[in-house]
Amino acid sequence: MEENIKKTLEYPFQPQFILSKKKKIKRELLKERHQFENKKVAVLGGSTTHDIIAIIELFLLAQGIRPEFYESEYNGYYTEAVFDNPALKEFHPDIVYIYTTNRNIDQYPDISMTNEQVETLIQNTVRKFTDMWESLTKEYHCPIIQNNFEMPCYRLLGNREVWDIHGAVNFLSRVNEQFYQYAQNHKDFFICDINYISADFGLQKWHDPLYWYMYKYALSLDAIPTLAFNVSNMIKSIFGKNKKGFVLDLDHTLWGGVIGDDGIEEIKLGPEEPEGEAYWEFQRYLKQYKDLGILLNIDSKNERANALLGIKHPNSLLKESDFISIQANWNPKSENFLKIAKELNLLPESLVFVDDHPAERAIIEHQIEGVSAPEIGHVQEYIRIIDRSGFFEVTTLSEDDTYRNEMYRKNAERTKAEASFKDYNEYLCFLNMSAEIAPFTSIYIPRITQLTNKSNQFNLTAKRYTQSEIESISADENFMTAYGKLMDRFGDNGVVSVIIGEIKGDECHICLWLMSCRVLKRNMEFAMMDYMVERCKEQGIHKMVGYYHPTKKNEIVRDFYEGLGFFKTIQKEAGDTVWEYEIPEVYIKRNTVIKEIQP
């Protein structure tokens with residue numbers, strides 16, 4: 001794709017270029033990528049949404065999702081959600097986006113209203129939306145994204161608006177708070193924070209009364225790409241397409257100056273001087289990401305001793321223990337980048353490259369397909385550029401996220417230990433592994449949902465599930481489910497494998513089998529197979545049927561079922577294959593090194 005078009009889809013945007021060239025951009029995106037994940041997106045609008053949908057499509061295509069859209073009639077968001085809607089039922093959305101703004105508020109408080117009357121008005125306003133959300137959830141069982149309300153374009157009461165119960169600003173803030181409480185208590189429901197997005201963009205630029213009066217656009221044309229990008233980031237996050245970590249340069253990226261030339265005393269880092277404080281705050285920002293489970297790594301043209309010296313600076317908030325992989329040498333950064341991805345057992349495109357040098361960024365983007373290397377500008381802009389790029393949009397947050405870095409660190413220790421064994425089976429025995437394998441349970445459903453949306457390499461069918469769908473399957477006796485946790489002498493790997501099988505007569509059809517790449521070749525697949533066979537035999541099931549749907553990323557499991565004793569029976573279209581396994585009367589367990597424990 002042409003470089004200027006590609007860069008236009010990265011933050012910061014050129015809104016006029018995107019809007020004027022959207023057809024060309026779409027053609028180039030479809031030409032560049034050959035594999036997409038198809039998703040159906042219903043947009044229920046409270047004002048004109050045509051151009052918003054067109055730009056959301058561009059960003060989703062750039063993120064590997066090919067959307068098909070359903071667009072409600074103008075201002076038909078409520079009636080199409082609450083009342084019978086054959087067209088939307090036939091469309092059967094994977095996700096619903098409700099695009100409403102403060103233009104859709106039916107009534108604001110009157111200056112003569114009492115506290116009780118204002119409170120009733122708030123509850124009536126919120127009830128209109130909750131009725132809509134409940135109706136959509138009951139009918140479609142899919143994630144819902146709902147806008148909150150941006151602030152009005154004028155303040156009748158001036159600064160009093162924010163605290164006076166009759167003020168529109170106070171009213172919208174209280175309604176928004178009710179929306180947030182609903183989101184906190186309902187899964188698969190998400191808030192698109194246009195209140196923040198519009199403030200960040202600038203309210204005077206966000207609101208354009210002329211476009212409202214002429215075309216019923218509730219925002220200016222220039223604001224459309226910003227809104228569309230934020231919505232697309234939420235959608236790609238919900239469907240597991242977030243990035244997973246940073247690969248960071250050091251000199252002029254984590255501190256000012258060149259550690260090898262200036263020495264530890266002269267680099268700029270810390271709150272004592274303006275430039276040093278900017279680097280110090282950037283380190284704090286990265287450390288907060290690390291606490292969310294985002295992986296930090298170093299790729300620097302440097303002597304390793306110098307690299308570690310800079311990290312040991314007394315004002316450095318990032319310590320050596322905060323990084324999973326440190327590649328500091330004079331090899332090409334692209335070579336080190338690929339080594340880091342291999343060590344983490346991640347696809348390179350899962351990592352974001354942060355380097356102050358334009359040439360290094362260009363080399364990485366040119367040589368390693370799919371890697372993002374944002375133009376971070378000057379140090380005072382680093383946080384703004386990365387933050388608004390939406391690489392790590394958080395839509396779900398599980399307990400496993402908070403200690404993901406520790407899991408990867410322990411995995412690095414396992415790799416190091418493996419190198420000391422000549423016999424791989426001896427290494428597996430040394431790990432002293434134990435596994436907890438059981439049907440889906442509520443405590444692990446958020447993590448199971450995450451895995452179904454994030455696992456790409458060891459994912460035989462590449463199917464994605466929402467949390468509501470996982471819960472529904474878990475409670476359905478027509479499905480057989482299994483999660484697997486793996487523990488060893490280095491620690492707990494967490495939930496690392498998931499299987500969903502649909503029972504059809506005396507057959508179990510495996511709709512989903514995935515595993516974290518952190519535990520490949522550890523016998524976990526055999527332990528899961530042993531468990532599924534045992535469950536099948538208990539229920540009188542005589543055959544297991546497995547499916548393999550090839551993607552750009554799951555080539556490593558193409559012959560997975562063959563290794564478990566399945567026989568290929570059908571070659572389907574698009575390269576899909578079907579495998580069958582007749583369960584024998586006497587089954588010899590495949591797992592020989594993992595001890596199974598009761599949950």
**Asked** Can you say whether the rings of F566 and Y561 are parallel (under 30°), tilted (30 to 60°) or perpendicular (over 60°)?
**Response**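 It falls in the tilted class, 30° to 60°.
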Are the side chain of [X] and the backbone N or O of [Y] linked by a donor-acceptor pair below 3.5 Å?
X    : Y    : result
S516 : V519 : no
E580 : V545 : no
N147 : Y99  : no
N85  : L88  : yes
T449 : I445 : yes
S220 : K205 : yes
N453 : R464 : no
R404 : L295 : no
R103 : A218 : no

**Prompt:** What's the shortest heavy-atom distance between L172 and M151, and which atoms?
**Reply:**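 Shortest heavy-atom contact: CB-CE, 3.8 Å.
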**Over all atoms of both residues, closest heavy-atom pair of C192 and L227** =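 Closest pair (atom of C192, atom of L227, distance): SG-CD1, 4.3 Å.
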**Message:** Could you work out, with side chain to side chain contact (heavy atoms under 4.5 Å, CB included) as the rule, every residue matching A81, not counting sequence neighbours?
**Reply:** L44, M132, L136
**Request:** For the pair Y182 and E134, evaluate side-chain hydrogen bond (donor to acceptor under 3.5 Å, both in side chains) and give the outcome as yes or no after the intermediate values.
**Result:** CA-CA 11 Å; Y182 187 92; E134 299 294 340; 2.7 Å; yes
Not counting sequence neighbours, which residues clear salt bridge (Lys or Arg N to Asp or Glu O under 4.0 Å) with [X]? List them please.
X    : answer
E349 : K553
K463 : none
E538 : none

Please, which pairs that meet salt bridge (charged side-chain N to carboxylate O under 4.0 Å, His left out) have at least one residue in [range], sequence neighbours excluded?
range            : answer
residues 180-190 : K187-E471
residues 189-200 : D200-R388
residues 83-97   : D84-K89

**Prompt:** Looking at F440 versus Y483, is the centre-to-centre ring distance below 6.0 Å?
**Reply:**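 No, the ring centres sit 6.0 Å or more apart.
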**Request:** Consider only side-chain N and O atoms of E71 and T49, and report whether a donor and an acceptor are under 3.5 Å apart.
**Result:**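 T49 and E71 do have a side-chain donor-acceptor pair below 3.5 Å.
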**Message:** For N104 and N75, which I'm curious about, is there any donor-acceptor pair between the side chains at under 3.5 Å?
**Reply:**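 A pair is found: one side chain offers a donor N or O, the other an acceptor, under 3.5 Å apart.
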**Prompt:** What pairs with F526 under ring-ring contact (aromatic ring centres under 6.0 Å, His included), at least two apart in sequence or on another chain?
**Reply:** none
**Message:** So, using ring-ring contact (aromatic ring centres under 6.0 Å, His included) as the criterion, who are the partners of Y180 when residues are at least two apart?
**Reply:**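 ring-ring contact (aromatic ring centres under 6.0 Å, His included) check on Y180 returns nothing, list empty.
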**Request:** Evaluate side chain to side chain contact (heavy atoms under 4.5 Å, CB included) for K543 paired with I583, printing each intermediate quantity in order.
**Result:** CA-CA 6 Å; K543 180 187 291 185; I583 299 174; 6.0 Å; no
**Request:** Please indicate whether Y215 has more than 12 foreign heavy atoms, meaning atoms of other residues, nucleotides or ligands, lying under 6.0 Å from its OH.
**Result:**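 Open: at most 12 neighbouring heavy atoms sit under 6.0 Å from OH of Y215.
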Answer yes when [X] and [Y] have at least one side-chain N-carboxylate O distance shorter than 4.0 Å, and no when they do not.
X    : Y    : answer
K241 : E393 : no
E28  : K31  : yes
E534 : K537 : no

**Prompt:** How far apart are the C-alpha atoms of W133 and F189, what are their side-chain angles, what is the distance that settles it, and do they pass the ring-ring contact (aromatic ring centres under 6.0 Å, His included) test?
**Reply:** CA-CA 9 Å; W133 304 332; F189 179 84; 4.5 Å; yes
**Item:** Residue that, paired with F36, satisfies side chain to side chain contact (heavy atoms under 4.5 Å, CB included) out of L29, I65, L30
**Value:**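 The single option meeting the side chain to side chain contact (heavy atoms under 4.5 Å, CB included) with F36 is L30.
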**Prompt:** Would F149 and F129 count as a ring-ring contact (aromatic ring centres under 6.0 Å, His included) if you check the C-alpha gap in whole Å, the side-chain angles of each, and the deciding distance to 0.1 Å?
**Reply:** CA-CA 12 Å; F149 294 108; F129 283 87; 5.7 Å; yes
**Request:** Give a yes/no verdict on a cation-pi contact between K40 and F69, requiring under 6.0 Å between NZ or CZ and the six-membered ring centre and an angle within 45° of the axis.
**Result:** no
**Item:** Sequence neighbours excluded, every pair satisfying ring-ring contact (aromatic ring centres under 6.0 Å, His included) that has a member inside residues 216-239
**Value:**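 Residue pairs with at least one partner in residues 216-239: F13-F229, F59-F229.
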Donor-acceptor pairs under 3.5 angstrom involving side-chain atoms of residues 503-514: please list them, not counting sequence neighbours.
from, atom 1, to, atom 2, distance (Å)
E507, OE1, H509, NE2, 2.8
H509, ND1, Y547, OH, 2.6

**Item:** I470 side chain near T481 side chain, heavy-atom distance below 4.5 Å
**Value:**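 No; the side chains remain at least 4.5 Å from each other.
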**Message:** Using the rule given for ring-ring contact (aromatic ring centres under 6.0 Å, His included), can you reason through F246 versus Y289, listing the C-alpha separation, both sets of side-chain angles and the distance that settles it, and then say yes or no?
**Reply:** CA-CA 10 Å; F246 287 107; Y289 263 126; 5.6 Å; yes
**Request:** Using the test side chain to side chain donor-acceptor pair (under 3.5 Å), find all partners of T100 that sit at least two apart in sequence or belong to another chain.
**Result:**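 Expected list: Q146.
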